[in-house]
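Scroll down for the structure; my scribbles are underneath it.
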Amino acid sequence: MNLLSASSAASFVGQQVLIQGWVRTRRDSKGGFSFLEVNDGSALASLQVIADQKLANYESEILKIGVGACVTVRGTVVESKGQKQAIELSAEEVTVLGSADATYPLQKKGHSLEFLRSIAHLRARTNTFGAVARVRSAMAFAIHDYFRKNGFVYLHTPIITASDCEGAGAMFRVSTLDPEKLPRTPQGSVDFSQDFFSRATSLTVSGQLEAETYALALGKVYTFGPTFRAENSNTSRHLAEFWMVEPEMAFFDLDMNAALAEDFLKTVLRTVLVGCPEDMGFLASRADYPVHETLQHIIESPFERLSYTDAVAILQKSGKKFDYPVAWGQPLQTEHERFLTEQEFKRPVIVTGYPKEFTAFYMRLNEDGKTVRAMDVLVPRIGEIIGGSQREERYDRLVARMQEAGLNTAEYEWYLATRRYGSAPHAGFGLGFERLIQFATGMENIRDVIPFPRYPQHAEF
RNA sequence: UCCGGUGUAGCUCAGCAGGUAGAGCAGGUGGCUGUUAACCACCGGGUCGGGGGUUCGAGUCCCUCCGCCGGAGCCA
């Protein structure tokens, strides 16, 4: 007998099958049978099971099946007499694998996303989180698929790093030292030479520097893995642990980098839109704005590209009053970015050429000596979804910028060596995977697009 | 971390001139029905986020801590 996923039952009408899943609701008919809605996670839709009183355990077990119970059902797929589903399963045997009593937190009613976050171990059993999980998975595969088809090598960069500054924010310390008895140097500071790695180490905030070294050997590489930022960020767009996609390409300049970012985003969005119509449709119906139209528009229209200098001019000419004044040399604020992408252009915007003062040391300096070949891809609602740059491949300029940034170049000898031996122009970017999922699904809080979110005060489960 | 809001039954919420708490859903019982967030009746269910204070009396006022939500900063 076939063990079926509920989503494929429709093509087995008339056949005897086995399905296994969790009961979403039970409705009893005094006509002598019960309806069980069983969901096995294979799709958004549940399968309606008809359990007749002639079943041996009808009184003893089936009538006591609560929301959340796990069952195995053997039965025949038949056309439904009801209106809301085409087929249903006429049960010949219902086995309760795991019961669920009245304390089961999920009920047949709407729950707030905040409440569901507090029961992250059970929230995957809801329509919304089941859909998000399937879309997330599909999107991850779409990303790998995109890079594979475009000749990229999938690279695993280290999670533990000794770089004390990768230019991307506060880091989580990794140590096996006993915090109660920290070894001290004669000067009184913590003696990390006695730590596991004989030096201070942290969780990575980016795999970029390592990825660069492989790009300068294999041509096109990308990383896709967990990333950690110890920033005390309390927003709907930040996590302490998130997944980042970082392609790095030798012989790419900034324009090629931007073109890749645009094609990549469009391809991945199109893939989940056509590949997950049911889940995407459900999530879109829950969002407070037209997700499908927005995505379709983005897939079809070219991204706007403009320089930081032009962006500043547009913002100044807009006549719009901003909380933070716009001035060349100052970073663009979120309100400025959102104005550009949501109101001025109404589509994704790629801003390039930021002043070097507030950009990372590894970004290539432009001929004007004032700006760098950086780019931010801004999308409506989310803001910055991608940050990238052409990298500084010229040894002397790179060293100079590292010194300006106050970095100890001795610790980056391995990185600098790539510029000393066979250096090449190259570029890359970082994409926040969860932000992309947010953007695609319309989910408002980034904590709801990752199974077990880590953020300040929260590392449960 | 900053600004604003908020925290009441298992869940979603109401209560507010300070006078010892209420609805819907969930659960139990009964009725009814190829039902579909089923429906009808009845029943059980609360240290009103934690701590402190003002008051004869605090869910309601004040202080403080914590969580949550929105916005900001940092960024992906």
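Chain letters run A, B, ... following the sequence lines, proteins first and then strands; every chain starts at 1. The analysis underlying the following values was restricted to heavy atoms, covering all of them including side chains, and did not include hydrogens, waters or symmetry mates.
In this structure, B:U1 and B:A72 make a Watson-Crick or G-U wobble pair, each of the two defining distances being under 3.5 angstrom.
In this structure, A:Ser29 does not reach the B:U33 phosphate: none of its side-chain N or O atoms is under 4.0 Å from OP1 or OP2. Taking only side-chain nitrogens and oxygens, A:Asn234 never comes nearer than 4.0 Å to OP1 or OP2 of B:G73. Phosphate contact (OP1/OP2 of B:C68, side-chain N/O of A:Tyr455, threshold under 4.0 Å): present. Phosphate contact (OP1/OP2 of B:A38, side-chain N/O of A:Arg27, threshold under 4.0 Å): present. Look at A:Arg237 and you'll find a side-chain N or O under 4.0 angstrom from OP1 or OP2 of B:A72. A sub-4.0 Å separation between OP1 or OP2 of B:A72 and a side-chain N or O of A:Thr235 is absent. Under 4.0 angstrom from either OP1 or OP2 of B:U35 there lies no side-chain N or O belonging to A:Gln48. At the phosphate of B:G28, neither OP1 nor OP2 sits under 4.0 Å from any side-chain N or O atom of A:Lys64. A sub-4.0 Å separation between OP1 or OP2 of B:G67 and a side-chain N or O of A:Ser118 is absent.
Relative to the side chain of A:Ser236, the nucleotides B:U36, B:G71, B:G67 differ in distance, and B:G71 lies closest. Nearest to the side-chain atoms of A:Gln333 among the listed nucleotides B:U36, B:G73, B:G34 stands B:G73. Among B:C11, B:G67, B:G34, the nucleotide with an atom closest to any side-chain atom of A:Ile50 is B:G34. Listed nucleotides: B:A38, B:G34, B:C68. Nearest to the side chain of A:His458: B:C68.
Backbone-only engagement by A:Gly430 is indicated by non-hydrogen atom pairs under 4.0 Å involving sugar-phosphate atoms exclusively. A:Gln85 comes within 4.0 angstrom of a nucleotide base, judged by non-hydrogen atoms across all strands. Backbone-only engagement by A:Tyr324 is indicated by non-hydrogen atom pairs under 4.0 Å involving sugar-phosphate atoms exclusively. When heavy atoms are screened at a 4.0 angstrom cut-off, A:Asp28 is found touching base atoms of the nucleic acid. At the heavy-atom level, A:Arg24 lies nowhere under 4.0 Å from the strands shown. Here A:Gln83 lies in heavy-atom contact (under 4.0 Å) with a base. Within the nucleic acid shown, A:His238 comes within 4.0 Å of at least one base atom, counting heavy atoms only. When heavy atoms are screened at a 4.0 angstrom cut-off, A:Ser80 is found touching base atoms of the nucleic acid. Residue A:Ile386 is classed as a sugar-phosphate contact, given heavy-atom separations below 4.0 Å to backbone atoms only. Contacts of A:Ile385 with the nucleic acid, taken as non-hydrogen atoms under 4.0 Å apart, involve only primed sugar atoms and P, OP1 or OP2. Residue-level contact check: A:Phe115 touches the backbone only, with heavy atoms under 4.0 Å from sugar-phosphate atoms and none from bases. Across all strands shown, A:Glu88 has heavy atoms under 4.0 Å from base atoms, whether or not it also approaches the sugar-phosphate.
A:Tyr154 and A:Tyr222 have parallel rings, their planes meeting at less than 30° on a 0 to 90° scale where 60° marks the start of perpendicular.
Side-chain to base pairing of A:Arg447 with B:C68: no donor and acceptor N or O lie closer than 3.5 Å to each other. Between the side chain of A:Arg229 and the base of B:A76 there is at least one donor-acceptor pair of N/O atoms closer than 3.5 Å. A donor N or O paired with an acceptor N or O is found under 3.5 Å between the base of B:C74 and the side-chain atoms of A:Ser233.
When rounded to the nearest whole Å, the span between CG of A:Asp376 and C1' of B:A76 equals 10 Å. Atom pair A:Arg123:CZ and B:C11:C1' shows a separation of 17 Å (rounding to whole Å applied). The CG-P distance, from A:Leu106 to B:G27, rounds to 13 Å in whole Å. One atom, CG of A:Leu113, and another, P of B:G67, lie 20 Å apart when rounded to the nearest Å. Summarising the geometry, the separation between CD1 on A:Ile446 and C1' on B:G71 is reported as 16 Å, rounded to the nearest angstrom. Between the CD atom of A:Glu231 and the C1' atom of B:C75 there is a distance of 7 Å, rounded to whole Å. In this structure, A:Leu332 places its CG atom 14 Å from P of B:A72, rounding to the nearest Å. Put simply, CD on A:Glu337 is 12 Å from C1' on B:C74, counting in whole angstrom units.
Separating the C1' atom of B:G49 from that of B:U60 is a span of 15 Å, rounded to the nearest Å. Here, B:C61 and B:C74 have their C1' atoms 38 Å apart, quoted to the whole Å. Distance check on atom P: B:G44 versus B:C56 gives 36 Å, rounded to whole Å. For the P atoms, the distance linking B:G45 with B:U64 amounts to 38 Å, nearest Å. As rounded to the nearest Å, B:G10 and B:U20 have P atoms that lie 22 Å from one another.
If you take CD on A:Glu61 and CG on A:Leu63, they are separated by 11.0 Å, rounding to the nearest 0.5 Å. Here the OG-CD distance, from A:Ser80 to A:Gln48, works out to 5.5 Å after rounding to the nearest 0.5 Å. How far CD of A:Gln208 is from CE of A:Met244: 8.5 Å, rounded to the nearest 0.5 Å.
Contact check on A:Glu342 versus A:Lys346 returns no salt bridge, with no Lys/Arg side-chain nitrogen under 4.0 Å from an Asp/Glu carboxylate oxygen. In summary, A:Glu248 and A:Arg391 engage in a salt bridge, as defined by a charged side-chain N under 4.0 Å from a carboxylate O. Between A:Glu392 and A:Arg401 there is no salt bridge, since none of the side-chain N atoms of the basic residue sits less than 4.0 Å from a carboxylate O of the acidic one.
Contact detail for A:Tyr58 and A:Ala51: the closest heavy-atom pair is CE1-O, 3.3 Å.
Residue-environment remark: NZ (A:Lys266) exceeds the threshold of 12 foreign heavy atoms within 6.0 Å.
Between A:Phe433 and B:A76, no base-stacking contact is recorded for ring centres under 5.5 Å apart and planes less than 30° from parallel.
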